[in-house]
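Because only heavy atoms are used, hydrogens play no part in the values below, and waters and symmetry mates are left out as well, while side chains stay in.
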Amino acid sequence: MVLLGYFAMCLIFGTTFLAIKIGLQAGWTPYFSAGFRFFLAGFLVIVYGMVTKQFSFPTKKQLVPFLLTGLCMTGMTFGTLYWAEQYIPSSFAALLSATGPLFVTLLHAKVEKSKMTSVQFVGLGLGFLGIVLLTFPSLSVQFHLVWLLACAVVIIGESFYAFATVYSKRVLKQGVSSLMLNGYQMLVGGLALLVASFFAEKPNLSAVNGSGWLSLLYLVMIGSVVGHGLYYWLLQKTNPSFPATWLYVSPFLSLVLDIVVQGEKIHLLSMLGGIVILTGVYVMNQHIVRSAFSKKGKGVVY
């Protein structure tokens, strides 16, 4: 189930970069579309959780963790990503987002006061090398100040993502369900982005065409409700580093979508990069894969 959930999450998240780009090109403003997406998704998850009696309103003790997680995981991570995708290709946004697992692994090692193994370093290196090989042939970017700023903004967002991922693991250990944390953090992060939109943007809903609304619907229901639900479930079942490795696989999936949707030609270097990425993911998490297939073990334990 861990492997099935992981592959489903990678497939979903691998499509979101293109969906975000389509939405922005269709007339959405970045903060409003991101805020509306996550606020609605969080609201739907919370209603579902309450109707099915899986959780209720948060306690006073849970308010701060939910606020902190929402502002970092959704607010900062996706606010920066949506803004940056106005100026850089979606495939390049995926490349920059792949710094997330690096930050997560390093921060997790520091928090737990443990040393990274040489195998983990090799896996991280292979993953980043694979992403460079994957996206390099399809990139055509002019180096200017706004482009450099957009790149830096995505990386800053990924540092907040890493903090929220490691912090969320601690919150989940306190007995909070992954569904509850996912719902409230998306609601908080979405609300924060809507507030940012009120001060920084002038969204015009009448200017958004049909493809823009479809992209938003897909991002709400599939990208946020299902995808982030799987992410927090995997976070609860494994460790902070493993779910974050979807950011190594997503550029490969994004390239496949570019080939199918936009008719882009397959480049040998890109295919090699995809193989290197998957190799890096396995090397960094081979103990999880082995435990998942173990006949003696009942699950992955950390």
Side-chain angles (χ1 to χ4, degrees), residues 1-2 5 9 13 31 34-81 100-101 103-114 156-199 220 223-244 246 299-302:
M1 290 301 297
V2 168
M9 179 189 67
F13 284 167
Y31 298 141
F36 187 71
R37 165 193 173 183
F38 285 105
F39 182 84
L40 180 57
F43 177 77
L44 292 174
V45 170
I46 290 171
V47 170
Y48 172 78
M50 289 186 173
V51 170
T52 57
K53 297 182 179 181
Q54 296 187 48
F55 59 81
S56 59
F57 291 102
T59 63
K60 291 182 179 179
K61 186 178 180 181
Q62 293 170 337
L63 285 177
V64 172
F66 288 169
L67 287 171
L68 189 57
T69 306
L71 291 174
C72 294
M73 176 66 78
T74 293
M76 289 300 298
T77 302
F78 288 93
T80 54
L81 177 64
F103 289 134
V104 169
T105 302
L106 293 175
L107 183 60
H108 184 232
K110 183 176 179 60
V111 170
E112 298 296 328
K113 296 181 180 180
S114 60
I156 291 172
E158 289 307 312
S159 66
F160 281 92
Y161 167 86
F163 168 79
T165 297
V166 175
Y167 181 72
S168 294
K169 184 64 177 180
R170 289 192 170 189
V171 177
L172 292 171
K173 284 183 177 180
Q174 296 173 4
V176 178
S177 71
S178 58
L179 184 70
M180 184 179 188
L181 179 57
N182 184 35
Y184 280 108
Q185 74 86 12
M186 286 196 296
L187 187 75
V188 169
L191 182 60
L193 288 167
L194 289 175
V195 171
S197 175
F198 178 80
F199 289 101
V220 170
S224 296
V225 175
V226 179
H228 284 264
L230 285 170
Y231 180 86
Y232 276 101
W233 180 79
L234 286 168
L235 193 62
Q236 191 172 39
K237 293 294 182 182
T238 61
N239 64 17
S241 299
F242 179 59
W246 72 266
V300 185
V301 181
Y302 295 88

Nearest non-hydrogen partners of G157 and T77, listed with the distance:
O-OG1, 3.4 Å
Separation between CZ of F160 and OG1 of T74, rounded to the nearest 0.5 Å:
13.5 Å
Contacts of F43 meeting side-chain contact (heavy atoms from CB on, under 4.5 Å) (sequence neighbours excluded), chain-then-number -> V47, L187
With V220, which residues qualify under side-chain contact (heavy atoms from CB on, under 4.5 Å), at least two apart?
R37, L40, A41, L44, L216
Taking all heavy atoms of V225 and all of N182, pick out the closest pair and write down the distance.
O-ND2, 4.1 Å
Contacts of type ring pair (Phe, Tyr, Trp, His ring centres under 6.0 Å), residue Y167, not counting sequence neighbours
F163
Evaluate the side-chain proximity of F55 to I46: yes if any heavy-atom separation is below 4.5 Å, no if none is.
yes
State the CG-OH distance between L63 and Y184, to the nearest 0.5 angstrom.
9.5 Å
dist S224:OG -> F13:CZ (nearest 0.5 Å) comes out at 8.0 Å
What closest approach, in Å, do V45 and G183 show between heavy atoms, and which atom pair accounts for it?
CG1-CA, 3.6 Å
May I ask you to test the F39-M186 pair for a side-chain heavy-atom distance under 4.5 Å?
no
Whether the side chain of T69 engages the backbone of F66 through a donor-acceptor N/O pair (distance < 3.5 Å, no angle test) should be reported.
no
What residues form a ring pair (Phe, Tyr, Trp, His ring centres under 6.0 Å) with F103, not counting sequence neighbours?
none
Tell me, do P58 and M180 make a side-chain contact under 4.5 Å, heavy atoms counted?
yes
Can you measure from CD (Q185) to CG (L67) and round to the nearest 0.5 angstrom?
11.5 Å
Smallest heavy-atom separation, L181 atom then Y232 atom, equals CD2-CE2, 3.5 Å
Side chains of Y231 and T165 only: does a donor on one sit below 3.5 Å from an acceptor on the other?
yes
Can you see which heavy atom on V104 is nearest to which on V166, and at what distance?
O-CG2, 4.0 Å
Taking side-chain contact (heavy atoms from CB on, under 4.5 Å) as the definition, give me every residue that meets it alongside S56, ordered by chain and number, with sequence neighbours left out.
none
If the condition is ring pair (Phe, Tyr, Trp, His ring centres under 6.0 Å), which residues does F78 pass it with, not counting sequence neighbours?
F38, H228
Note: M9 and L230 closest approach over all heavy atoms is N-CD1, 3.9 Å
